[in-house]
Amino acid sequence: GSVLPKPLRSFFPHSAPMGKGGKGKVGGGGYPWWEHLKKGGKKGGDGQDSYDAALAAPSARPKTSGTTLQKKLESLENASYPVYKDLMGAPWEMEGCGGCQIIFDRVQGDPYAPASWVHVRLPSSIANFPKEYVSKSRVRNVALCDFITRVLADMLRGGTGVDWTQTVSGGGWSGSKGGDVTVEAPGQYVLARTSVVATTEFVEARLTISLPARGRSVEGYRAAEIIGGLMDVVKKSLHFDALNQDALRKHILSVEDQEAARSQLQELGLVAFVANGSVLPRKSGVDGRPMTTTDDPNLVLFESPPSLAVEITVPNAGRLTGMGIRKGVTMIVGGGFHGKSTLLQALQVGVYNKVHGDGREFVVCDSQAVKIRSEDGRFVGCANISPFINNLPFSRDTTTFTTSDASGSTSQAANIVEALELGATALLIDEDTCATNFMIRDAPMMELVAPEKEPITPFIQRVQPLFKDQGVSTIMVIGGSGDFFPVANTVICMERYLASDVTTQAHEVAEKHGRLLPPYVPFPAEAASRVLLKEGLAADGKVSAKSLRCVSYGETEIELSYVEQLVEVGQAKAVMDILQHLASSSKYVDGSRTFLEVVELLERTLGAEGRPIGEQGLDAVSRDFPAPCPFHALPRRFELAAALNRLRTAKFVRKSPGANGARPTKTARN
């Protein structure tokens with residue numbers, strides 16, 4: 001079978017490497033997430049064998065040498081390690097490199113400490129990227145920086161003949177150590193990142209370097225060689241003429257089209273759109289690249305049911321046809337392993353733009369959609385869960401509900417009301433990850449346990465009022481209960497990964513079995529009134545985010561495993577530093593602003609609102625500001641707020657109606 005199904009070959013005709021003549025790990029200057037495309041396009045190198053040969057040839061030396069910085073490093077050979085800090089300060093002019101400068105922003109004081117931060121800056125007049133990419137729109141700028149980051153990462157991993165990301169270790173205390181140069185390598189998503197910045201004045205790459213040592217003495221000659229290798233990488237990644245310009249253009253236009261498609265959902269009355277020909281399945285649970293017919297010859301491309309087919313016109317690709325999921329309540333049903341959750345998972349990351357060739361580029365979802373699930377054991381602070389849970393034993397208050405150990409139902413209720421507080425307009429739910437008693441109560445259970453003795457108002461009774469009263473749509477995967485059929489505006493059945501519209505049949509089945517709409521009870525509107533206090537925001541120790549799912553924050557941990565719309569570790573690292581920024585700054589948390597106002601203010605800062613295109617808002621939260629952090633990626637407001645809501649030391653209070661300040665309220669603890 002072919003690597004790409006025939007329809008996809010015409011859909012993605014531009015399967016070319018991003019760099020020119022590279023020898024990256026997957027060949028042709030390509031990338032692991034582009035591996036499924038490499039056979040269909042231009043070849044820019046000698047492939048995996050050449051890459052392996054390059055690594056095996058230690059004689060491969062950088063072409064850049066003899067610069068002032070390199071001579072300085074060589075002069076430091078065998079000096080005490082802290083002398084590296086002398087590199088900080090004024091920029092180092094890299095002679096013979098077209099006006100390039102290297103700036104050391106943060107230098108480690110010890111070879112075992114976290115790596116040093118550097119940024120490499122090239123004047124825009126030398127980098128020569130077209131203005132239409134740099135400054136026409138923020139979405140184009142983000143796509144350009146994403147592309148450059150991918151090329152930079154690939155060149156560092158062997159694209160120039162040497163893998164500069166490899167560290168030296170294992171020689172004992174007196175042996176050589178360090179030496180790796182890294183940039184945050186992107187995955188499937190095109191996000192605003194701090195790794196590369198492009199403005200009308202300069203293009204800049206931010207990286208980390210573990211400055212090399214032998215014992216605790218400087219290895220100056222090796223450091224000089226590493227800098228030479230970095231400059232070789234820069235010449236092949238930060239210069240427009242060095243890149244595959246056709247691939248760059250198509251990458252940028254694809255991202256622009258994705259953004260345009262998403263922006264049309266509201267006016268079309270849709271909550272999501274899934275283009276025909278999309279590849280929804282992934283290679284595996286730990287590999288986000290698209291499945292191919294090589295992985296599974298039974299791969300099925302998405303095709304819309306005729307009754308749900310809509311057309312969207314985007315500025316570059318033109319007219320797209322696919323399935324439109326209308327606002328309201330949508331059920332996704334079907335047998336096990338037939339693609340229900342695969343569709344929902346594609347929708348939940350449809351809030352992000354993808355790298356071209358991902359297969360889900362035009363699976364776009366309402367940008368304010370939030371994945372909801374139960375989360376036993378999570379911390380909840382002063383949340384009003386009374387629309388779902390009331391009349392707890394011993395008169396515990398659910399309008400200011402606080403607990404350090406939420407149950408399945410209380411955690412799911414909290415997740416919903418916290419999302420609504422921040423302006424969510426769509427909820428994405430998979431019954432497999434929900435609390436059953438929160439979702440539904442059937443007739444036998446209601447007969448056995450009278451409604452007046454049950455504190456939970458199940459979601460089935462709230463889902464339609466949520467839409468009609470608050471304008472919040474819901475897309476649910478349901479495989480075990482037909483009781484939801486009467487409340488569904490649309491029912492999509494997945495069978496062998498093929499979608500069909502079974503709305504009429506579902507309503508007929510519901511009527512046949514006596515399943516009726518639950519009594520309509522309006523969903524209460526609530527103005528945002530929760531206030532975040534400064535107390536408890538500061539970390540009482542070191543912080544780190546070594547994985548996507550957990551932030552170590554002093555003596556506590558912020559568990560993000562169930563915050564499923566975080567997609568890159570750079571987002572978790574950004575969240576970690578944003579929390580510290582909130583704790584140290586007087587700009588945001590003042591004891592009076594609501595939590596929503598704080599998050600909106602942060603969002604404006606992080607998005608560089610009101611500033612020229614290309615300026616990076618995330619720089620404001622760098623732990624060493626004004627030194628730019630090299631490894632941040634922009635989180636959405638919902639994932640940022642999720643981290644704050646799960647910070648166990650955080651303190652929330654409720655603002656009194658009409659009051660300018662906040663007042664503490666009595667909170668229930670579970």
Side-chain angles (χ1 to χ4, degrees), residues 329 341 344-345 347-349 351 365-366 368-390 392 398-440 455-463 465-467 470 472-478 523-524 526 528 530 532 549-551 558-567 571 575 595-596 599 635-648 650 652 667-668 670:
V329 179
S341 294
L344 189 72
Q345 287 161 7
L347 293 173
Q348 77 185 43
V349 294
V351 299
C365 193
D366 182 344
Q368 303 292 89
V370 179
K371 179 72 186 301
I372 298 295
R373 59 170 297 154
S374 65
E375 198 174 340
D376 292 52
R378 67 153 285 197
F379 168 77
V380 177
C382 208
N384 182 4
I385 61 172
S386 62
F388 298 100
I389 300 176
N390 233 319
L392 289 175
T398 59
T399 63
T400 57
F401 185 75
T402 297
T403 178
S404 59
D405 186 19
S407 65
S409 56
T410 55
S411 64
Q412 190 164 346
N415 287 341
I416 292 175
V417 298
E418 288 167 356
L420 298 179
E421 178 183 27
L422 292 162
T425 51
L427 307 179
L428 310 175
I429 297 175
D430 190 331
E431 71 169 357
D432 284 351
T433 58
C434 292
T436 302
N437 63 334
F438 179 82
M439 296 296 289
I440 192 168
I456 300 173
T457 301
F459 189 69
I460 190 172
Q461 296 180 24
R462 288 304 199 187
V463 65
L466 253 178
F467 174 60
Q470 304 299 325
V472 178
S473 298
T474 300
I475 301 176
M476 287 191 290
V477 167
I478 298 292
F523 195 92
E526 182 187 70
R530 212 164 48 123
L532 175 66
R549 299 305 176 196
C550 185
V551 172
I558 305 174
E559 180 58 58
L560 301 175
S561 294
Y562 297 140
V563 183
E564 297 179 32
Q565 286 166 295
L566 277 177
V567 294
Q571 291 177 304
V575 164
F595 185 51
L596 173 61
V599 172
R636 297 192 309 159
R637 65 160 61 181
F638 300 102
E639 286 69 57
L640 169 58
L644 282 162
N645 281 322
R646 286 158 180 76
L647 176 60
R648 292 181 178 274
F652 294 90
T667 59
N670 187 22

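Quantities reported herein were computed from a predicted structural model and do not represent experimental measurements.
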Specify the closest pair of heavy atoms between S374 and C434, including all atoms of both residues, with the distance to one decimal.
OG-C, 3.9 Å
Heavy-atom closest pair (N415 atom, R646 atom, distance to 0.1 Å) is OD1-NH2, 3.0 Å
Show your working on side chain to side chain contact (heavy atoms under 4.5 Å, CB included) between I456 and N437 and close with a plain yes or no.
CA-CA 8 Å; I456 300 173; N437 63 334; 3.4 Å; yes
Restricting to non-hydrogen atoms, name the atom on A650 and the atom on L532 that form the minimum distance, rounded to 0.1 Å.
CB-CD1, 4.4 Å
Is it true that Q565 and R636 share a donor-acceptor pair across their side chains at a distance under 3.5 Å?
yes
Apply the test side chain to side chain contact (heavy atoms under 4.5 Å, CB included) to residues E421 and E526: give CA-CA distance (whole Å), side-chain angles for both, the deciding distance (0.1 Å), then the verdict.
CA-CA 8 Å; E421 178 183 27; E526 182 187 70; over 6 Å; no
Do L344 and M476 make a side-chain contact, defined as non-hydrogen atoms from C-beta onward lying under 4.5 Å apart?
no
Do L644 and F595 have side chains that approach each other closer than 4.5 Å (heavy atoms only, starting at C-beta)?
yes
Does some side-chain heavy atom of L560 sit less than 4.5 Å from a side-chain heavy atom of V551?
yes
So does A435 get a backbone contact from the side chain of S409, meaning a donor-acceptor N/O pair under 3.5 Å?
no
Walk me through it: do Q412 and I372 pass the test side chain to side chain contact (heavy atoms under 4.5 Å, CB included)?
CA-CA 7 Å; Q412 190 164 346; I372 298 295; 4.0 Å; yes
Look at the side chain of S341 and the backbone N and O of D430, then say whether any donor-acceptor pair between them is shorter than 3.5 Å.
no
Are any non-hydrogen side-chain atoms of T410 and I389 less than 4.5 angstrom apart?
yes
Using modelled atom types only, decide if a donor and an acceptor are shared between the side chain of S411 and the backbone of E375 within a distance under 3.5 Å.
yes
Would you tell me whether R378 and N645 have side-chain atoms, one donor and one acceptor, within less than 3.5 Å of each other?
no
What's the separation between atom OG in S561 and atom CZ in R373, rounded to the nearest 0.5 Å?
9.0 Å
From CZ (F401) to CG (L392), nearest 0.5 Å:
6.5 Å
Show the numbers, then the answer: is there a side chain to side chain contact (heavy atoms under 4.5 Å, CB included) between F638 and E418?
CA-CA 9 Å; F638 300 102; E418 288 167 356; over 6 Å; no
Is there side-chain contact between S404 and R648, with heavy atoms separated by less than 4.5 Å?
yes
For a 4.5 angstrom cut-off between non-hydrogen side-chain atoms, does F438 reach I416?
yes
Assess the side chains of N384 and S386: does a donor N or O sit below 3.5 Å from an acceptor N or O?
yes
Give the minimum heavy-atom separation between T457 and Q461, together with the two atoms involved.
CG2-OE1, 3.8 Å
About how many Å separate CD of E431 and OG1 of T436, when rounded to the nearest 0.5 Å?
8.0 Å
Which atom names give the shortest non-hydrogen contact between K371 and L428, and what distance separates them?
CD-O, 3.2 Å
Side chains of I429 and M439: closer than 4.5 Å at any heavy-atom pair?
yes
Spacing of CG belonging to L596 relative to CZ belonging to R530, to within rounding of 0.5 Å
10.5 Å
Inter-residue atom distance Q348.CD - I475.CD1, 0.5 Å rounding
11.0 Å
What is the distance from atom CD of E564 to atom CZ of R549, rounded to the nearest 0.5 Å?
7.0 Å
Do V472 and F523 have side chains that get closer than 4.5 Å, going by heavy atoms?
no
Scanning both residues in full, the closest heavy-atom pair of C365 with L347 reads CB-O, 3.3 Å
